[in-house]
Amino acid sequence: MENKEKDLEQVMNELYLKFKVNFYRNLFRNEGLGKDGLTVMENFCAEAIYAMDGPTINQLAAFIRVSQPNAAYKVNNLVKKGYVEKVRSTKDRRQTHLYVTEKFKTHYNINYDYINEITNRLEESMDPDKIGHFQEGLEAMNDGILREVSITMDRNYLNPLLPF
């Protein structure tokens, strides 16, 4: 099998590239949908909002590294198109948090469909013990190896009460 000749870094790079290309293909598919279609930047902003789970506009701006007015403009477009909603904070009524809508989640499911397809292929072609080890590796990546993104998201967006 040719994969045995590749080192782990080569395999990770190839795998990442394939996921990324699929992601970009899905990102661009929506631009031709007229007024309800998302631009690439709107799609990126909506996905960031989804991942951050309720950021304020200032937190979104800091995360995607744009000015607060620029982020507000992008968010307002997403609200008008029905992909994002603003929810006033119950703790501090001056703050508004951003959440994606069901419309966005339906749009986003195309990425999950791809993941489900790959997962099913893996389960059909690999022995269950190997799948278990593979899952352990993925969990290690999710829980700590992707430290830079995880720490930033945990510190600034997901759980502000964590001590950092």
Under a 4.5 Å side-chain heavy-atom rule over Ile, Leu, Val, Met, Phe, Trp and Tyr, are V87 and L60 clustered together? no
Treating K103 as the side-chain partner and K81 as the backbone partner, does any N or O pair qualify as donor plus acceptor under 3.5 Å? yes
Mind running side chain to side chain contact (heavy atoms under 4.5 Å, CB included) on T56 and T96 for me, showing each step along the way? CA-CA 6 Å; T56 63; T96 301; over 6 Å; no
Does D127 have any side-chain contact (heavy atoms from CB on, under 4.5 Å) partners at least two apart in sequence or in another chain, and if so, which? D129, K130
Is the shortest heavy-atom distance from the side chain of V100 to the side chain of Y83 under 4.5 Å? no
Summary of salt bridge (charged side-chain N to carboxylate O under 4.0 Å, His left out) pairs that have at least one residue in residues 83-92, sequence neighbours excluded: D92-R94
Joint cluster assignment, L8 & I131, ILVMFWY side-chain distance < 4.5 Å: yes
Minimal non-hydrogen separation, E14 against K6, with atom names: OE1-NZ, 2.8 Å
Answer yes or no: is there a donor N or O on one side and an acceptor on the other, between the side chain of T101 and the main chain of G82, under 3.5 Å? yes
Checking E139 against Q135 for the side-chain hydrogen bond (donor to acceptor under 3.5 Å, both in side chains) test, could you report, in this order, the C-alpha distance in whole Å, the side-chain angles of both residues, the deciding distance, and whether it holds? CA-CA 6 Å; E139 288 172 0; Q135 183 174 345; 3.0 Å; yes
Kindly work out whether a path of hydrophobic side-chain contacts (I/L/V/M/F/W/Y, heavy atoms less than 4.5 Å apart) joins L78 to Y99. no
Between the main-chain N or O of N120 and the side-chain N or O of E123, is there a donor-acceptor pair closer than 3.5 Å? no
How many angstroms lie between atom CG of N77 and atom OG1 of T39, to the nearest 0.5 angstrom? 7.5 Å
Which atoms form the tightest heavy-atom contact between K18 and Y114, and what is the distance? O-OH, 4.3 Å
Report, as yes or no, whether the 6.0 Å neighbourhood of atom CE on M12 holds more than 12 heavy atoms from other residues, nucleotides or ligands. no
Heavy-atom pair of closest approach, residues Q59 and G54: OE1-O, 4.4 Å
Is F104 close to V84 at the side-chain level, that is, under 4.5 Å between some pair of heavy atoms? no
Let me have the donor-acceptor pairs involving side chains of residues 63-75, under 3.5 Å, with sequence neighbours excluded, atom names and distances please.
residue: S67; atom: OG; partner: N70; partner atom: N; Å: 3.2
residue: N70; atom: OD1; partner: K74; partner atom: NZ; Å: 2.7

For Y50 versus K105, what's the shortest heavy-atom pair and its separation? CE1-CE, 3.9 Å
What's the spacing between E42 CD and K80 NZ if we round to 0.5 Å? 10.5 Å
So, are E124 and R121 salt-bridged, with charged N and O less than 4.0 Å apart? no
